[in-house]
Amino acid sequence: MKLEGVKVLDLSLFLPGPMLTLMMADHGAEVVKVEPAGEGEPTRHVGYRKGGESVWFRNTHRGKRSIQLNLKDPADHAVFMSLAAEADVVVEAFRPGVANRLGVDYDSVRTINPGVVYCAISAFGQDGPYRDRPAHDVAVQALAGVVSLNEGQDGLPAMPAMPVADALASLTALSGVLMALLRKRETGQGDYLDVAMFDSVLAWTPNVTGRIFATGEAHVVKDQRSWGGNAMYGLYRTADDRWLALGGAEVKFARNLLTPLGREDLIHYAELPPGPGQEPLRAFLREAFAARTLAEWEFWFADKDVCWAPVRTLKDAFEDPALQVRGMLARDAEGNEIVGTPIRFREEPAVIDPRVPEMDEHGAELRARLKSSPE
């Protein structure tokens, strides 16, 4: 596997850091999870449980090793530093300044391991005016301006469905860590990576910042292409009170939809800029889709080259056989669901280890290994 032999020391909690190190573990890295004193990783105790474990914890910590350390204790701190001395990657997600106070910061680690790639994930980064501001995902999204884009039909902002700030920070961190490891092969030197959830969200707005940068004006959300302003890119209710999504704004899809519906006269509305000018087409589509059930539309669309999809529940999505074909859903020996990895190599595919570590399961083994190391 691509990351076989890479040693990762993970101090992070909850979602961004653990997902980063999970993807590395799936591709061969040895990931040692450092759990805090007390109850350990918080997600062991959060949400629904199955098979004796939190579903969240199982799908972010499978295949990892666990050691529990109180970093304020000198003996445990020494254990951490010994592990850090042999690590290729260290990941932390404390508030800025905490790693320094605990003596596990980059400068402390690199004195004993110059080649370490040290990744710090935080809400707003290690500097700047928001550095010390506490935040989880939704607060970061709100400050980054993207919660306001989740505008419901009532014109009010809605809670985001996905932890976008967590997810983008995790993927940004993974990219940066892999870049640094690649560079380390040539120079032998590591580096420090400062990843902010806030920055990661803003970096993914090029497709929707046009109005702001070009005119200096804020969005009228429902008039914009991505959020319902384009008739061919939106949600429509069906006769059985279910929903379908049109997801292709290209005029060819409008032509392929409207021609069999006998309304070629409306195609030109799809060529107009998003916004009120397309309302006649939206009005027709609302009326047309409301006349048949979702199942009837699925049958109708079967031979049409139109970008569309039924709006399903997440439960429906995970029951789709396509997930098993793609390896995105598997089960462990006890039948517990395992979410797969999206990184698929032909020659060196991921090997997912579904085992979930008990708290401090590998503590004694790791301490013994450190004592027996000639270094």
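When a residue number appears, it is its place in the shown sequence, counting from 1.
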Distance-only donor-acceptor check, side chains Ser66 and Glu361, under 3.5 Å: no

Under 3.5 Å, is there a donor-acceptor pair linking the side chains of Lys33 and His61? yes

If the condition is ring pair (Phe, Tyr, Trp, His ring centres under 6.0 Å), which residues does His362 pass it with, not counting sequence neighbours? none

Near Arg355 CZ, under 6.0 Å, is it more than 12 heavy atoms from other residues, nucleotides or ligands? no

Ionic contact status for Arg369 with Glu86, cut-off 4.0 Å: yes

Going by atom type alone, with no hydrogens or angles, which donor-acceptor pairs under 3.5 Å involve a side-chain atom of residues 222-231 and a protein atom two or more places apart or on another chain?
| from | atom 1 | to | atom 2 | distance (Å) |
| --- | --- | --- | --- | --- |
| Lys222 | NZ | Glu151 | O | 2.4 |
| Asn230 | OD1 | Met232 | N | 2.9 |

Could you check whether Arg263 makes a cation-pi contact with Phe284, meaning its NZ or CZ is under 6.0 Å from the centre of the six-membered ring and within 45° of the ring axis? yes

Mind checking side-chain contact (heavy atoms from CB on, under 4.5 Å) for Asp240 and listing every partner two or more places apart, or none if nothing turns up? Thr238, Arg242, Thr293, Leu294

So which residues get pulled into Trp243's cluster when ILVMFWY side chains under 4.5 Å apart are joined, directly or through others? Leu235, Val311

Give a yes or no on whether the ring-centroid distance for Phe345 and His27 is below 6.0 angstrom. yes

Side-chain donor-acceptor contacts of residues 87-101 below 3.5 Å, not counting sequence neighbours, with atom names and distances?
| from | atom 1 | to | atom 2 | distance (Å) |
| --- | --- | --- | --- | --- |
| Asp88 | OD1 | Lys184 | NZ | 3.4 |
| Asp88 | OD2 | Lys7 | N | 2.8 |
| Glu92 | OE1 | Phe94 | N | 2.7 |

Within this structure, what is the OG-CE distance for the pair Ser12 and Met19, rounded to the nearest 0.5 Å? 11.5 Å

Between Leu20 and Ser170, is any pair of side-chain heavy atoms under 4.5 Å apart? yes

Which pairs pass salt bridge (charged side-chain N to carboxylate O under 4.0 Å, His left out) with one or both residues in residues 187-207, sequence neighbours excluded? none

